[in-house]
Amino acid sequence: MPQTTLLNRDQRQLLRGVSRSFYLTIRLLPAALQGPIAVGYLLARATDTVADTTALPAADRLGLLQGLAKAIESSASLDPALKTQISAFALQQSDLHEQALMRALPACLRLLQDLSVPDQSSVHWVLGHITRGQVLDLERFGQGPAALRTDAELDEYTWLVAGCVGEFWTALCERHLSGFATKSADAMRLAGRNYGQGLQRLNILRDAGADLAAGRCYLPEARLAPLGLSPERLMQAARSSDAATLQGLTPLWDDCLQQTQNQLSDGLRYSQCLTSRRLRLACALPALIGARTVALLRQAGPQALTHRVKMPRHEMRGLLWRLLWRLASPEALGHEFQRLSQ
């Protein structure tokens with residue numbers, strides 16, 4: 001049976017290039033989890049790059065995304081036609097790290113093949129849901145300005161692209177780490193699901209201005225209408241920095257931030273229940289960074305749609321040192337979450 005995949009130096013460098021924060025998380029994980037989680041992340045990041053490259057027509061992105069999804073599902077090597085498509089696509093990437101990731105896709109698929117059969121199955125499961133969410137995104141937004149209609153569509157999307165990841169992590173922990181948590185696996189799967197959805201909701205709020213500029217509105221029409229807003233009006237307000245119109249979004253903005261905060265709290269509790277200190281720290285970091293980002297978004301209000309909001313890097317370094325100093329205890333995590341949320 002294949003052993004758990006270990007990344008070589010080039011692959012670790014590739015991971016670091018596409019996400020410094022997730023690279024840090026991967027390094028903190030117990031060795032048994034690093035391979036399947038890193039492989040899953042790299043493949044998901046590659047499909048996300050395809051879905052988000054608006055310089056390519058939506059139909060072309062959809063075809064390439066579906067081809068990649070089939071290759072991942074079968075753990076097969078790329079066929080010559082798909083490999084040619086990917087090579088041409090890589091040349092269109094202005095970000096050198098994303099260009100390198102697309103060129104490394106054959107190697108990423110080999111890493112998937114090297115995983116144990118149960119871990120391959122888990123990666124297939126989570127990537128199947130993620131790519132389904134990405135396909136839905138392209139179908140909704142690929143033909144021009146559009147918006148999600150209801151909270152149910154938003155819930156479905158956040159589960160497909162992120163909530164399933166919390167369940168994926170939990171399944172891997174249950175498989176590889178005996179007694180990994182102080183709560184039942186079912187309770188951890190539910191908390192992990194909520195955690196993933198909260199992180200995706202945070203991404204949506206943090207990137208709302210850029211998404212609106214690109215004609216994508218993830219704030220449901222059914223929630224905008226009672227405020228006298230439409231997706232089109234919100235898109236125009238974000239582009240023109242119309243403070244009066246944006247101010248009208250405040251009730252929905254605050255409600256979305258509170259829901260995000262609640263789901264991040266589930267993520268913190270998930271992390272506090274983990275028995276491995278390294279795993280606890282790795283899982284808690286996104287929730288803690290998220291809590292600080294929610295606080296910054298709350299301070300900015302809907303005006304955050306006109307500029308990028310993120311936790312400063314020096315604050316992240318300070319947070320990490322404080323957690324290491326206190327051995328990432330559940331109490332330390334709780335204290336930091338409360339402090340960062342203010």
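Just so you know, residue 1 is the first one in the sequence shown, and it goes up from there.
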Same cluster or not: are Leu28 and Trp321 linked, directly or through other Ile, Leu, Val, Met, Phe, Trp or Tyr residues, by side-chain heavy atoms under 4.5 angstrom apart? yes
Nearest 0.5 Å please: distance from the CG atom of Leu82 over to the CG atom of Leu64. 6.5 Å
Just verifying a value: how many Å separate Thr260 OG1 and Gln200 CD, rounded to the nearest 0.5 Å? 10.5 Å
Taking the side chain as every heavy atom from C-beta outward, state whether Leu212 and Arg239 have any pair of such atoms under 4.5 Å apart. no
Let's go through Arg189 and Arg193 carefully: what are the C-alpha distance in whole Å and the side-chain angles of both, what is the deciding distance for side chain to side chain contact (heavy atoms under 4.5 Å, CB included) to 0.1 Å, and is it a yes or a no? CA-CA 6 Å; Arg189 271 191 290 273; Arg193 173 187 183 131; over 6 Å; no
Around atom CD of Glu139, are there more than 12 heavy atoms of other residues, nucleotides or ligands at under 6.0 Å? yes
Taking the side chain from Thr275 and the backbone from Phe180, do they hold a donor-acceptor pair closer than 3.5 Å? yes
How long is the straight-line distance from CG of Leu227 back to OG1 of Thr250, given to the nearest 0.5 Å? 9.0 Å
Taking Thr53 for the side chain and Leu56 for the main chain, is one N or O donor matched with an acceptor at less than 3.5 Å? no
Do Leu205 and Leu257 make a side-chain contact, defined as non-hydrogen atoms from C-beta onward lying under 4.5 Å apart? yes
Which atom names give the shortest non-hydrogen contact between Leu112 and Gln120, and what distance separates them? O-CG, 3.1 Å
Please, which pairs that meet ring pair (Phe, Tyr, Trp, His ring centres under 6.0 Å) have at least one residue in residues 210-267, sequence neighbours excluded? Phe141-Tyr218, Tyr157-Tyr218
Can you name the one residue among Leu160, Val165, Ile72 that meets side chain to side chain contact (heavy atoms under 4.5 Å, CB included) with Ile130? Val165
Please determine whether a side-chain nitrogen of the Lys or Arg among Asp119 and Arg175 lies less than 4.0 Å from a carboxylate oxygen of the Asp or Glu. yes
Just verifying a value: how many Å separate Asp137 CG and Leu148 CG, rounded to the nearest 0.5 Å? 7.5 Å
Residue pair Val50 / Met102, side-chain heavy-atom distance below 4.5 Å: yes
Say whether, by atom type as modelled, one donor and one acceptor occur between the side chain of Gln197 and the main chain of Thr158 under 3.5 angstrom. no
Side-chain contact test, heavy atoms from C-beta onward, threshold under 4.5 Å: evaluate it for Lys310 versus Ile289 and give yes or no. no
What about Leu190 and Val126, same hydrophobic cluster or not, with Ile/Leu/Val/Met/Phe/Trp/Tyr joined at side-chain heavy-atom distances under 4.5 Å? no
List the steps, then state whether side chain to side chain contact (heavy atoms under 4.5 Å, CB included) holds for Leu288 with Leu323. CA-CA 11 Å; Leu288 295 170; Leu323 292 174; 3.6 Å; yes
Does a sphere of radius 6.0 Å around CZ in Arg308 hold more than 12 heavy atoms from other residues, nucleotides or ligands, not counting ones at 6.0 Å or beyond? yes
Is the CD atom of Glu73 crowded by more than 12 outside heavy atoms at less than 6.0 Å? no
Side chains of Ile204 and Asp211: does their closest heavy-atom pair fall under 4.5 Å? no
Under 3.5 Å, is there a donor-acceptor pair between the side chain of His124 and the main chain of Ser74? no
For Arg278 and Arg27, indicate whether the former's side chain and the latter's backbone hold a donor-acceptor pair under 3.5 Å. yes
Is any side-chain heavy atom of Leu268 less than 4.5 Å from a side-chain heavy atom of Tyr195? no
Taking the side chain as every heavy atom from C-beta outward, state whether Leu111 and Leu43 have any pair of such atoms under 4.5 Å apart. no
Does the Arg280 side chain pair with the main chain of Ala328, one donor and one acceptor, at a distance under 3.5 Å? yes
Restricting to non-hydrogen atoms, name the atom on Pro330 and the atom on Gln272 that form the minimum distance, rounded to 0.1 Å. O-NE2, 2.8 Å
OH-CG distance between Tyr41 and Leu127, expressed to the nearest 0.5 angstrom: 12.5 Å
Salt bridge check, Glu336 against Arg339: does any charged N sit closer than 4.0 Å to a carboxylate O? yes
So Leu319 and Met311, side chain to side chain contact (heavy atoms under 4.5 Å, CB included) or not? Walk me through it. CA-CA 11 Å; Leu319 168 64; Met311 183 178 181; 4.2 Å; yes
Worked check of side chain to side chain contact (heavy atoms under 4.5 Å, CB included) between Met188 and Leu274: CA-CA 9 Å; Met188 295 299 284; Leu274 297 170; 3.8 Å; yes
Please check: side-chain N/O of Ser341 versus main-chain N/O of Phe337, any donor-acceptor pairing under 3.5 Å? yes
Does Arg326 pair with Glu331 as a salt bridge, N-O distance under 4.0 Å? no
Side-chain (Asp207) to main-chain (Ala210) donor-acceptor, under 3.5 angstrom: no
Any side-chain donor near an acceptor of the partner, Gln258 and Asp254, under 3.5 Å: no
So which heavy atom on Glu221 is nearest to which on Pro231, and how close? CG-CG, 3.5 Å
Considering non-hydrogen atoms only, spot the tightest contact between Pro226 and Ala222 and give its length. CD-O, 3.2 Å
For the residue pair Leu219 and Leu249, establish whether any side-chain heavy-atom pair is separated by less than 4.5 Å. yes
Thr293 backbone acceptor or donor facing Arg206 side chain under 3.5 Å: no
Taking all non-hydrogen atoms of both residues into account, name the closest pair between Leu91 and Arg103 and its distance. CD2-NH2, 3.3 Å
So, applying salt bridge (charged side-chain N to carboxylate O under 4.0 Å, His left out) with Glu156, which one of Arg132, Arg140, Arg149 is it? Arg140
Main-chain N/O of Leu327 paired with Arg277 side-chain donor or acceptor, under 3.5 Å: yes
Please report the interatomic distance CD(Gln259) to CG(Leu264), rounded to the nearest 0.5 Å. 11.0 Å
Other residues, nucleotides, ligands: >12 heavy atoms within 6.0 Å of His129 NE2: yes
Indicate the atoms forming the closest heavy-atom contact of Phe168 with Val123, along with that distance. CE1-N, 3.8 Å
Charged N to carboxylate O below 4.0 Å: is that the case for Asp155 and Arg201? yes
Sequence neighbours left out, what passes salt bridge (Lys or Arg N to Asp or Glu O under 4.0 Å) with Glu315? Give chain and number order. Arg292
